[in-house]
Amino acid sequence: MNPRTGVTGVLLAGGRAERMGGRDKGLLPLAGEPLIAHGVRRLRPQVAELLISANRNHDVYRTHGCRVIGDDPSLRFRGPLAGVLAALRAAETPYVLTAPCDSPWLPADYAQRMLAALEREQTTISVAYGEGCWQPVFALLPVTLRDDLAAWLAVGEGGVGRWLRRHRPARAEFADRPMLFRNVNTPEELALLEAAWR
């Protein structure tokens, strides 16, 4: 499968960002432009379509040239899985590739490596592995899992990693890309990211 035709990407920007004082994380500046802009620039060339999952500031996000989707109202701010479910429902391709909006160092072969892991291990999904652990918000998923995920959330379950483990994911190795998993949860982490960027 070619990710340029069979995979929809989604940048997850729908959280409350409470540790950032409630500021919309995807719109925080890094190197003179919003975090979301870095993700769009890196992921859009790799996939058939790129979505932005957001629960605020849809008009601002649309200026980045992507279709913007929101969580189901009953699941709003339930965490990344709500955004993943929205993407699985909106995608017009067989697979969805996820990444958080605050990890701006997505490599140019991100989609290809995730797909290669899935094909190598002949599994349903693949999940990135780096810095000694699974990185569950970096996942490649078939849209056929949307009902399974909806049922998981409907009974009050959460936890991206716990849901993914039920499907025995292939491990997509990114030991050579440690910066990929440097994200932003606090103002201090944003300052460190800015310094590393320079």
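Each residue takes its place number in the sequence, starting with 1. Any value given below was found using the heavy atoms of this structure, including those in side chains, with hydrogens, waters and symmetry copies removed. No experiment lies behind these values; they were computed from the predicted model shown.
Side-chain atoms of L193 and L30, non-hydrogen and from C-beta on, do get closer than 4.5 Å to each other. Using a 4.5 Å heavy-atom threshold, the side chains of L28 and P34 count as separate. Between M114 and L97 the shortest side-chain heavy-atom distance falls below 4.5 Å. Side-chain contact between V60 and L27 is present, with at least one heavy-atom pair separated by less than 4.5 Å. Looking only at side-chain heavy atoms (C-beta outward), L140 and V96 stay at 4.5 Å or farther from each other.
Screening residues 161-177 for side-chain hydrogen bond (donor to acceptor under 3.5 Å, both in side chains) gives R113-D176, D148-W163, D148-R166, D148-H167, E157-R162, R171-E173 as the qualifying pairs, with residues at least two apart or on separate chains. For residues 127-137, every residue pair satisfying the side-chain hydrogen bond (donor to acceptor under 3.5 Å, both in side chains) rule, not counting sequence neighbours, is listed here: E131-R182. The stretch residues 30-69 participates, sequence neighbours left out, in these ring pair (Phe, Tyr, Trp, His ring centres under 6.0 Å) pairs: H38-W197. Screening residues 91-100 for salt bridge (Lys or Arg N to Asp or Glu O under 4.0 Å) gives no qualifying pairs among residues at least two apart or on separate chains.
Among all heavy-atom pairs drawn from P100 and L11, the shortest one is O-CD2, 4.2 Å. Contact record, A91 with T8: CB-OG1, 3.8 Å, taken as the closest heavy-atom pair.
A centroid separation of less than 6.0 Å is found between the aromatic rings of F181 and F138.
The backbone N or O of A170 sits nowhere less than 3.5 Å from a side-chain atom of R120 that would complete a donor-acceptor pair. With hydrogens and angles ignored, the 3.5 Å screen pairs a side-chain donor or acceptor of R67 with a backbone N or O of A90. Side chain of N2 to backbone of R4: a donor-acceptor contact under 3.5 angstrom is found.
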Could you go through residues 101-110 and list every donor-acceptor pair under 3.5 Å that involves a side-chain atom there, pairing it with any protein atom two or more places apart or in another chain?
unit_1 : atom_1 : unit_2 : atom_2 : d
D102   : OD2    : K25    : NZ     : 3.2
D102   : OD2    : V184   : N      : 3.0
Y110   : OH     : T98    : O      : 2.6

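E33 and R41 are joined by a salt bridge, as a carboxylate oxygen and a charged side-chain nitrogen come within less than 4.0 angstrom of each other.
For the side-chain hydrogen bond (donor to acceptor under 3.5 Å, both in side chains) test, no residue two or more places apart in sequence or in another chain qualifies with S126.
Note: the hydrophobic cluster containing L180 does not contain L192 (ILVMFWY, side chain heavy atoms under 4.5 Å, direct or indirect links).
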